Amino acid sequence: MKSLALSLLTVLLAAAPVWAEAPAKPDQAELFQQFEKTLSGARLVGNFTVTGKDTDKLRKEEYVITSVTKLDEGDYWLFKARIKYGEHDLEVPMPLQVKWAGDTPVITLDEVKIPGLGTFNSRVVIENGKYAGTWTHGKVGGHLFGVIVPLDENKEKPAKDSETN
């Protein structure tokens with residue numbers, strides 16, 4: 001039993017320098033720059049669910065973000081997003097909170113009023129070219145998820161007949 005304990009201790013001590021050599025984490029400025037670059041001029045394309053509804057046929061969604069910039073006040077960022085919903089098709093500037101879970105940004109909406117659409121709560125995680133989260137609009141809510149793709153610089157705006165929420 002003593003030899004097993006001694007062997008484990010030897011392995012742990014030998015591995016300690018490997019643990020100490022973990023790559024440096026990006027600092028806050030680098031994280032902010034990466035977040036801004038990822039979402040400015042991007043299209044979030046994916047699906048959403050409605051809690052309590054059939055999920056066999058997922059609903060498509062698309063968000064077009066023309067720019068994202070950090071504001072001076074707290075955790076707020078200015079998102080300029082194109083919103084197409086029903087007869088509405090406009091670009092709306094929205095100051096939204098972005099909280100950080102370590103090095104992972106979480107877009108956070110708490111009772112945020114979006115002109116022409118209503119009031120929303122949401123948590124959306126952005127990571128490695130993907131997004132996923134939850135949403136609530138009044139008594140209705142669900143999940144959302146998809147991929148982040150750069151806008152095609154050769155196209156001025158998304159097609160008018162695209163499905164956007």
Side-chain angles (χ1 to χ4, degrees), residues 25-153 155-165:
K25 298 265 183 183
D27 66 12
Q28 187 180 50
E30 290 172 306
L31 291 172
F32 284 8
Q33 184 179 28
Q34 183 179 1
F35 179 70
E36 187 174 310
K37 182 179 176 185
T38 297
L39 290 184
S40 291
R43 187 185 312 259
L44 281 63
V45 181
N47 301 96
F48 72 97
T49 67
V50 177
T51 302
K53 301 283 184 180
D54 184 14
T55 58
D56 288 343
K57 294 181 183 177
L58 294 174
R59 296 177 174 143
K60 296 202 179 299
E61 69 175 1
E62 182 176 302
Y63 303 91
V64 175
I65 302 173
T66 55
S67 68
V68 175
T69 53
K70 176 72 174 85
L71 297 174
D72 291 336
E73 183 183 332
D75 297 325
Y76 284 90
W77 292 70
L78 182 62
F79 285 71
K80 290 184 182 173
R82 180 164 180 232
I83 296 175
K84 182 178 181 213
Y85 182 79
E87 296 297 314
H88 302 281
D89 187 358
L90 61 148
E91 185 171 275
V92 180
M94 296 178 289
L96 302 176
Q97 284 189 328
V98 176
K99 302 288 188 176
W100 294 82
D103 60 358
T104 303
V106 181
I107 302 169
T108 303
L109 283 71
D110 287 319
E111 298 296 313
V112 172
K113 292 180 182 170
I114 300 176
L117 299 177
T119 303
F120 291 84
N121 291 306
S122 184
R123 301 292 186 273
V124 181
V125 173
I126 305 296
E127 184 181 34
N128 293 326
K130 299 179 293 293
Y131 70 95
T134 60
W135 65 274
T136 304
H137 177 74
K139 294 182 180 181
V140 180
H143 298 92
L144 60 140
F145 54 92
V147 295
I148 303 167
V149 295
L151 288 176
D152 184 350
E153 292 178 7
K155 295 180 183 177
E156 291 179 26
K157 292 206 175 204
K160 288 272 185 192
D161 62 351
S162 70
E163 199 172 312
T164 306
N165 289 341

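Computed over heavy atoms, backbone and side chain alike; hydrogens, waters and symmetry mates excluded. The first residue in the sequence is number 1, and the count goes up from there. Being a predicted model, the structure only gives us computed values, none of them experimental.
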Please check if the number of heavy atoms outside Gln34 that lie under 6.0 Å from its CD is greater than 12. no

Test ring pair (Phe, Tyr, Trp, His ring centres under 6.0 Å) applied to Phe120 - qualifying residues, sequence neighbours left out: His137

Please check this pair: side chain of Tyr131 against backbone of Gly46, looking for a donor-acceptor N/O pair closer than 3.5 Å. yes

Among residues at least two apart in sequence or on other chains, which ones pass side chain to side chain contact (heavy atoms under 4.5 Å, CB included) with Pro26? Glu30, Leu31

Is the closest side-chain heavy-atom distance between Val124 and Leu144 below 4.5 Å? yes

Taken in chain and number order and not counting sequence neighbours, the residues that satisfy side chain to side chain contact (heavy atoms under 4.5 Å, CB included) with Val112 are Leu96, Leu109, Ile114

For Asp103, enumerate each residue passing the side chain to side chain donor-acceptor pair (under 3.5 Å) test, keeping only those at least two apart in sequence or located in another chain. none

Run the numbers on Leu39 and Ile107 for side chain to side chain contact (heavy atoms under 4.5 Å, CB included), then give the verdict. CA-CA 11 Å; Leu39 290 184; Ile107 302 169; 4.0 Å; yes

Using side-chain heavy atoms (C-beta onward) and a distance below 4.5 Å, is Asn47 in contact with Thr49? no

Supply the atom-to-atom distance Phe35 CZ to Thr104 OG1, rounded to the nearest 0.5 angstrom. 11.5 Å

Taking atom NZ of Lys70 as the centre, report whether more than 12 heavy atoms of other residues, nucleotides or ligands fall under 6.0 Å from it. yes

Can you sort out the partners of Lys99 under side chain to side chain contact (heavy atoms under 4.5 Å, CB included), two or more places apart, ordered by chain and number? Asp75, Gln97, Thr108

With sequence neighbours excluded, what pairs up with Phe145 under the ring pair (Phe, Tyr, Trp, His ring centres under 6.0 Å) test? none

Side-chain heavy atoms of Leu44 within contact of Ile65, under 4.5 Å: yes

My understanding is that only residues two or more places apart in sequence, or in another chain, count here; which of them pass side chain to side chain contact (heavy atoms under 4.5 Å, CB included) with Val50? Phe48, Lys53, Arg59, Trp135, Val140

Can you find a heavy atom in the side chain of Ile148 that is under 4.5 Å from one in the side chain of Arg43? no

Residue list, side chain to side chain donor-acceptor pair (under 3.5 Å) with Thr66, at least two apart or on another chain: Glu91

For Leu78 versus Pro95, what's the shortest heavy-atom pair and its separation? CD1-N, 4.0 Å

Going through the distances and angles, do Val64 and Leu151 end up as a side chain to side chain contact (heavy atoms under 4.5 Å, CB included)? CA-CA 8 Å; Val64 175; Leu151 288 176; 3.9 Å; yes

Which residues share a ring pair (Phe, Tyr, Trp, His ring centres under 6.0 Å) with Phe32, sequence neighbours left out: Trp77, Trp100

Taking side chain to side chain donor-acceptor pair (under 3.5 Å) as the cut-off, I'd like each qualifying pair that reaches into residues 111-127, sequence neighbours left out, listed once. Asp110-Arg123, Glu111-Asn121

Heavy-atom closest pair, residues Ser40 and Val68: OG-N, 2.9 Å

